[in-house]
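Here is how names work: the chains are called A, B, and so on, in the same order as the sequence lines, proteins then strands, and each is numbered from 1.
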Amino acid sequence: MKKAFILIDCNNFYASCEKVFQPKLKNKPVVVLSNNDGCIVARSNEAKALGIRMGQPYFECMDIIKKKSVSVFSSNYTLYADMSSRVMNILELFSPMVEIYSIDEAFINYEFDSPEKVNEYALKIKKTVEKWTGLSITVGIGDTKTLSKAASYIAKKNDLYKGILSLSFRDDIDEFLKKIPVYEIWGVGRQYSKHLFNHGIENACSLKYADESWVKKTMTVCGLKTALELKGISCISLSDTITAKKTIISSRSFGKPVEKLDDLRESVAMYVSNASEKLRKQSSIASIISVFINTNRFKDEPQYSNYSSSSLQVPTSYTPDLIKCANNILEKIYREGYKYKKAGVMLSGIVPKDQIQLNLFVPLFDSEKKIRIMKTVDCLNKKYGNNTVFTGSCGIKKEWQMRRDLKSKNYTTDWDDIPVIKLP
DNA sequence: TCTGGGGTCCTAGGACCC
DNA sequence: TCTGGGGTCCTAGGACCC
C-alpha cells in the first residue's frame with residue numbers, strides 16, 4: 001500500500017459557478033470581477049483563449065469584452081461559498097482525510113496498492129462531483145502535496161489527460177517535472193523564480209536536483225521543503241482540522257473616493273462589524289485592533305497612507321467596544337484634504353474566548369449582557385441575511401460602498417432567487 | 001471613470017534578561 | 001591589544017498561497 005496525495009481543483013471556479021445557473025453561457029466566454037468590479041479574477045476557458053489575463057483591470061479589457069460579447073459578473077461570494085461546500089461535502093464521502101485548502105481546492109490522503117486503483121478512484125471522484133454540482137474539476141495525484149500540484153498543473157495544460165493525472169507509481173516523473181517552469185511550482189513565487197532563473201534553475205526537475213544547502217540558505221526552509229517534496233519526500237502534511245485564524249482582516253476599496261472623516265468612520269465601523277462577527281464565529285476574542293487608510297496609488301494626486309494599532313485592556317469580541325477603539329485610532333491617523341480609496345481593520349492577538357491572560361486590575365470578561373447581545377445579533381443576521389441588524393455607526397446610506405453592478409442572483413441560498421425551470 | 005481581499009510562515013534584528 | 005555569552009520574546013518586513 002502506498003499513501004498518495006490527491007489534489008482536487010475546481011476549474012475556473014467562479015466563472016464555472018456562474019455558468020452552472022446560466023446554461024446558455026455554455027461554450028461562451030465568461031469573466032468574474034474582483035470586489036468593486038476592479039480586476040478580472042476568474043475566466044472561463046473561452047475567455048482565457050481571448051487573451052484576457054488574470055488580475056487584469058476590467059477597464060483595460062473592456063474593448064475585447066464588448067467585441068467578443070464576453071459575459072461579465074461581479075463576484076458573488078455567497079454563491080461561490082455555497083457551491084464550494086457542496087463540492088467539499090462530496091469529497092468527504094470519498095475519504096475521511098480531506099483538507100479544504102481554499103474555496104476551490106482540497107487535498108485528500110488515500111492509500112493505493114496499484115496505479116489502476118488510483119485512476120479508478122480519481123475518475124469516480126471526478127464523475128461524482130461533476131454530476132452532482134455541474135462543476136468540472138481536475139484531479140492531480142502524487143506522493144507529496146507539491147507533486148500532486150504539479151500533476152494537476154500538467155493535467156490542465158494538456159487535454160490528453162482528460163483532467164486526471166497521477167505521478168504516483170511512476171519512474172518517469174522527471175520527464176514531467178522538466179515541463180514545469182519554476183514559477184509554476186507550488187511555493188515558488190515571483191521573487192524566488194527570478195533568483196532560481198539567475199542560477200540556471202529553470203524547471204521543476206532542476207530544482208529537484210539542486211544543492212540542498214544552497215536552496216536552504218537562499219530560500220529558507222520553505223524552499224528546501226519544496227525541493228524535498230519534488231523528490232517525493234513528504235514535508236507538508238495534510239491538516240484536516242480547521243484551525244482558528246490568528247489574524248482577521250476586513251477591508252474594501254470604496255466605490256468612489258472618500259474625503260470626510262464621517263464617511264471613513266462609517267466604513268471602519270462596518271469592517272469592524274464584519275471582522276468581529278468572524279471572530280465570534282470561531283469562538284475567539286482579540287486583544288489588538290489595527291486600522292489603516294490609504295489614497296489611490298494609481299492616481300497622480302497627493303498620496304497618504306497610514307496605519308496604527310492599539311491594545312485592548314480587555315480582550316473582546318463585542319462589536320461596539322471594538323468600534324469605539326477603532327474610531328480612536330482612525331481619528332489619530334486621519335488627515336484632511338486627501339481622497340481616500342481604501343480603509344481596513346485588522347484584529348490580532350486572537351485567543352480562544354475562555355483562555356484569557358489573567359490580569360489583576362481590570363475586569364477580565366465581557367459581561368453576560370454583552371455576550372447575549374452579540375449572540376442575538378449573529379443569530380438574526382444568520383437567519384434573515386447579512387446586516388439585517390447592524391450598529392448605527394455603520395451608517396444607512398453608505399455612499400462609500402463598493403460597486404457590484406453585475407452580480408448574479410443567490411441561486412442556492414435565497415428563496416426569492418431560486419431558478420425557475422420553464423417546461424416547453 | 002475604472003487597478004481585489006484575506007491569509008500564513010520565516011527570518012533578522014533589537015530589547016531585554018541573567 | 002581588545003569586546004561576555006547565551007537565551008527568549010517581539011516586531012517588521014518579505015516571501016508565499018488562493
Would you say a side-chain N or O of [X] is under 4.0 Å from OP1 or OP2 of [N]?
X	N	value
A/Lys194	C/dA15	no
A/Lys299	B/dT3	no
A/Lys341	B/dC2	no
A/Ser253	B/dG5	yes
A/Ser250	B/dG5	no
A/Thr247	B/dT8	yes

Across the strands shown, which category fits [X] at heavy-atom distances under 4.0 angstrom: base, sugar-phosphate, nothing?
X	result
A/Lys256	nothing
A/Glu60	nothing
A/Lys217	nothing
A/Lys216	nothing
A/Ile103	nothing
A/Ile185	sugar-phosphate
A/Tyr58	nothing
A/Asn35	sugar-phosphate
A/Asp104	sugar-phosphate

5' precedence on DNA chain B between A/Arg252 and A/Met62 (nearest-nucleotide basis): A/Met62
Please tell me which of A/Val41 and A/Cys222 maps to the more 5' nucleotide of DNA chain B, matching each residue to the nucleotide holding its nearest heavy atom. A/Val41
Of the listed nucleotides [options], the one nearest the side chain of [X]:
X	options	value
A/Ser34	B/dG4, B/dG5, B/dT3	B/dG4
A/Lys225	B/dT3, B/dC10, B/dG6	B/dC10
A/Ile248	B/dT3, C/dC16, B/dG7	B/dG7
A/Val221	B/dT3, B/dC10, B/dT8	B/dC10
A/Thr220	B/dT11, C/dC18, B/dT8	B/dT11

Pairing partner of B/dA15, by Watson-Crick or G-U wobble and under 3.5 Å for both distances, is C/dT8
May I have the distance from [X] (atom [atom1]) to [N] (atom [atom2]), rounded to whole angstrom?
X	N	atom1	atom2	answer
A/Tyr192	C/dG14	OH	P	12 Å
A/Trp186	C/dC16	CH2	P	14 Å
A/Tyr77	B/dG5	OH	P	9 Å
A/Glu229	C/dC17	CD	P	13 Å
A/Met346	C/dG13	CE	P	13 Å
A/Asn36	B/dG5	CG	C1'	11 Å
A/Leu7	C/dC18	CG	C1'	12 Å
A/Tyr101	C/dC18	OH	P	5 Å

When the C1' atoms of C/dG4 and B/dC16 are compared, how many Å lie between them, rounded to an integer? 16 Å
Does A/Phe107 have its ring centroid less than 6.0 Å away from the ring centroid of A/Trp186? yes
Can [X] and [Y] be counted as an ion pair, charged N to O under 4.0 angstrom?
X	Y	answer
A/Glu184	A/Lys179	no
A/Arg404	A/Asp37	no
A/Lys149	A/Glu105	yes

Under a plain distance cut-off of 3.5 Å, with no hydrogens placed, do A/Asp82 and A/Thr412 share a side-chain donor-acceptor pair? yes
Whether A/Tyr411 and A/Phe21 hold their rings parallel, tilted or perpendicular, with breakpoints at 30° and 60°: parallel
With a distance cut-off below 6.0 Å to the six-membered ring centre and an angular limit of 45° from the axis, does A/Lys342 pair with A/Tyr307 as a cation-pi contact? no
